[in-house]
Amino acid sequence: MSTAETTPTHFIRNIISEDLAVGKNNRRVHTRFPPEPNGYLHIGHAKSICLNFGLAAEFGGLCNLRFDDTNPSKEDVEYVESIKSDVRWLGFDWGDREYYASDYFEQLYQYAVQLIKASKAYVCDLSADQIREYRGTLTEPGKDSPYRTRSVAENVDLFQRMRVGEFPDGTRTLRAKIDMASPNLNMRDPVMYRILHAAHHRTGDRWCIYPTYDFAHGQSDSIEGITHSICTLEFEDHRPLYDWFLEQLNIHHPQQIEFARLNLTHTVLSKRKLLQLVQQGHVTGWDDPRMPTLAGFRRRGYTPESIRSFCERIGVAKRNSIVDIAMLEHCLREDLNRRAPRVMAVLRPLRIVITNYPEEQVEELDAVNNPEDPGMGTRKVPFSRVLYIEQEDFREEPPKGFFRLSPGREVRLRYAYIIKCVDVVEDPKTGAVTELRCTYDPDTKSGSAQSNRKVKAILHWVSAAHAIEAEVRLYDHLFTAENPDDVEEGVDWTSNINPKSLETLTSCRVEPFLANASSRSRYQFERLGYFCVDSVDSSDRRLVFNRTVTLRDPWAKIEKAQKKG
RNA sequence: UGGGCGGUCGCCAAGCGGUAAGGCCCCGGACUUUGGAUCCGGUAUCGAAGGUUCGAAUCCUUCCCGCCCAGCCA
């Protein structure tokens, strides 16, 4: 085995390697993850977090957590708290390097004054609408603002008066003096400061002018000594502007590198849309287990390891792409398969009576906790005369390829005996199967000398008298469409919401081992999937499980194909 | 029709002039007291057309398609 195949490389890693090789930045690697605290982190952010923190760790560098909090009207401490806990949960540590663009407001202001004094910036009295008109279009150049030629002295005075609050919102801006004819619209005298009499979640009322992202971001990176400013594709057009600011200011110049943001099938990842899902009540909140937020995935039962593994595998490139959510689910199952203890739970109980099993007898059978990890030991599972099995494991008229129980057929109960269905009890009114009468073969007890008799199927089960009742929430993709945004005109993307994204089952039965299951603990319910104890609604009195993901299910696939014909 | 960036298997993605990695999905088969896991095997000539070259996904030319930019959002 070569050592080269383990870590797939990508262009950003290559750039950093080369920079290091030629001794750039004093062989220093310093990145940052710069979220705006205006929403919860989602799986797309995880890609960026893994990239930035991962690269820094890999090259012995550092990664800062910096909040780009330049727009007080949209930001909130609730979001900074959630972001911090999500990054921590994902497994990354920014040490004491928790920064805020708002920490740099004074410095940024001084930078602005510096540019004004160099005749590189001016106070403009044009309204927002006028600025738009003066900007020109994609194909026509813009025209200079009439205020572009103000004297340095007047600009300094006006900007100072903007700061102390002499002017109402929107009446003036500070603009960079670049080139109104530039083919790159970002260079057509972009706004650097706007007047906004709004309280900031950190600086309170100290400021009534706020730097735009474009004026704050590059300089913030510079101030922090960032070597590689990794961001998404849409900022490629802004790079010349950031370069311009940094050059005019003659300060440390980080290298900006852009990559394609993550898109996932069957989900939306725009903050605006996620906010809408929450506000319109399509989900119960930012941490609804169907949300692609880190809070949602956490509550759903995803492990941080699986998300990191996913981010590693999808790669980093500049091509717009939509990753199949099956990839994420694969990473999840791979991780959970290794670590989740196995347990038996019956979601839709069908009562069966073993007619030849002694009335009062109870056997404690040995069950393996995790066949992938013998170190996890075994446990006892009670077996008795009346049991529950899964409704879907019985068919009165078994279709082709159905190996499970049906009249006259034999099947093994996992860790127990081979049983045979001898009678079907139906509700006289509805015809629904209400109970099965079965017999067991005492010679086939698991682990016994003659237990090797082969049967086509093995079923999970619980003992009726010993089982614990639980609620189980079956989650599925939030959207039926692969790409929820792909709608005919006039149709809203929310029409793609999956009406069956949540099915709640209230009379499930789980084995007694689960009585003390702790919040968030994860299990594999054998033959069904991975489940976790819900962190919000589960309690000692009422166990609530979330289905994290199903097991791969070939039979379901076969059946689906058969139905299609 | 201005500028920026992309187009390699159904989905991601390596490749940087020497004759198409890998993962996911899918399809076979082996094994299995989870129809799970595991294990084997299978599936592309690189957006198109020209050109350069002994040789091109990789270089050149032209064309086609997709994404982003006209917030005092980030």
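Chain letters run A, B, ... following the sequence lines, proteins first, then strands; residues in each count from 1.
Heavy atoms of A:Gly529 sit nowhere under 4.0 angstrom from any nucleic acid atom. Using a 4.0 Å heavy-atom distance criterion, A:Gly447 is classed as a base contact. Residue-level contact check: A:Phe215 touches neither bases nor backbone, having no heavy atom under 4.0 Å from any strand. At a threshold of 4.0 angstrom between heavy atoms, the contacts of A:Glu258 with the nucleic acid are absent. Note on A:Arg552: only backbone sugar-phosphate atoms sit closer than 4.0 angstrom, heavy atoms only; bases stay farther off. A:Arg239 comes within contact range of no nucleotide atom at all, as no heavy-atom separation falls under 4.0 Å. When heavy atoms are screened at a 4.0 angstrom cut-off, A:Val455 is found touching no nucleic acid atom at all. Heavy atoms of A:Arg188 sit nowhere under 4.0 angstrom from any nucleic acid atom. Contact annotation for A:Tyr415: base contact, defined as any heavy-atom pair under 4.0 Å involving a base atom.
Under the 30°/60° scheme for interplanar angles, the aromatic rings of A:Phe235 and A:His238 are found to stand perpendicular. Using the six-membered ring where Trp is involved, A:His200 and A:Tyr210 have ring planes that are parallel, under 30° apart on the 30 and 60° scheme.
Remark: aromatic rings of A:Tyr147 and A:Tyr134 are distant, center separation not under 6.0 Å. The ring of A:Phe525 has its center closer than 6.0 angstrom to the ring center of A:Phe545.
Between A:Ile322 and A:Glu236, the residue anchored nearer the 5' end of RNA chain B, judged by the nucleotide with its closest heavy atom, is A:Glu236. Toward the 5′ end of RNA chain B lies the nearest nucleotide of A:Ala326, the other residue of the pair A:Ala326 and A:Ser446 mapping further downstream.
Counting only N and O atoms by type, the side chains of A:Gln524 and A:Glu526 include no donor and acceptor under 3.5 Å apart. For the 3.5 Å distance criterion, the side chains of A:Tyr122 and A:Asp189 qualify, holding a donor opposite an acceptor. For the residue pair A:Asp214 and A:Tyr242, a side-chain donor N or O sits within less than 3.5 Å of a side-chain acceptor on the partner. Side-chain N/O atoms of A:Ser220 and A:Asp68 include no donor and acceptor closer than 3.5 Å.
The same atom, C1', is picked in B:U43 and in B:U8; the two are 15 Å apart, to the nearest Å. Nucleotides B:A56 and B:C46 place their P atoms 12 Å apart, quoted to the nearest Å. Across B:G47 and B:G2, the matching C1' atoms stand 24 Å from one another, rounded to whole Å. Remark: the separation of the C1' atoms in B:U1 and B:G50 is 25 Å, to the nearest Å. Look at the P atom in both B:A20 and B:A57: the space between them is 9 Å, to the nearest Å. Rounded to whole Å, the separation between the C1' atoms of B:U32 and B:G17 comes to 49 Å. Of the P atoms belonging to B:G10 and B:A44, the separation is 10 Å, rounded to the nearest Å. Separating the C1' atom of B:G15 from that of B:A21 is a span of 8 Å, rounded to the nearest Å.
The nearest whole Å value for the distance from the CZ atom in A:Phe403 to the C1' atom in B:U32 is 13 Å. The distance between atom CG of A:Asp441 and atom C1' of B:U33, rounded to the nearest whole Å, is 15 Å. Rounded to whole Å, atom C1' of B:C25 lies 11 Å from atom CD of A:Glu482. In this structure, the CZ atom of A:Arg313 is 14 Å from the P atom of B:G22, given to the nearest Å. Protein atom CZ of A:Arg527 is 15 Å distant from nucleotide atom C1' of B:A37, rounded to whole Å. Rounded to whole angstrom, the span from the CZ atom of A:Arg414 across to the C1' atom of B:G35 amounts to 13 Å. Remark: C1' of B:C67 and CG of A:Asn320 are 5 Å apart, rounded to the nearest angstrom. The CD atom of A:Glu329 sits 11 Å away from the C1' atom of B:C25 (whole-angstrom rounding).
Of all the heavy atoms in A:Ile83 and A:Pro37, the pair that sits closest is CD1-CA, 3.9 Å.
The partner of B:U34, taking Watson-Crick or G-U wobble pairs whose two distances both stay under 3.5 Å, does not exist in any strand shown. Nucleotide B:U58 forms a pair with no other nucleotide shown, judged by Watson-Crick or G-U wobble geometry with both contacts under 3.5 Å. In this structure B:G6 sits in a base pair with B:C65, meeting the Watson-Crick or G-U test at under 3.5 Å. Within the shown strands, B:C27 is the pairing partner of B:G41 under the Watson-Crick or G-U definition, both distances less than 3.5 Å.
Side chain A:Glu372 to base B:U38: no donor-acceptor pair is found below 3.5 Å.
The side chain of A:Met327 has B:G23 as its nearest neighbour among B:G23, B:U8, B:G36. Side-chain atoms of A:Ile558 lie closest to B:G35 of the nucleotides B:U33, B:G6, B:G35.
Anti is the conformation of B:G22, whose glycosidic angle sits further than 90° from 0.
For B:A37, the OP1/OP2 oxygens have no side-chain nitrogen or oxygen of A:Arg338 closer than 4.0 Å. Put simply, A:Lys557 has a side-chain N or O that comes within less than 4.0 Å of OP1 or OP2 on B:C26. The side chain of A:His330 contributes an N or O atom lying less than 4.0 Å from OP1 or OP2 of B:C24.
Because its NZ or CZ atom is both nearer than 6.0 Å to the ring centre of A:Tyr100 and within 45° of the ring axis, A:Arg202 counts as a cation-pi partner of that residue.
In terms of modelled atom types and a separation under 3.5 Å, the side chain of A:Arg522 and the main chain of A:Tyr302 share a donor-acceptor contact.
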How does protein reach along nucleotides 68-74 of chain B, written 5' to 3' as B (base within reach of a heavy atom under 4.0 Å), S (only sugar-phosphate), or - (no contact)? BBBSBSB
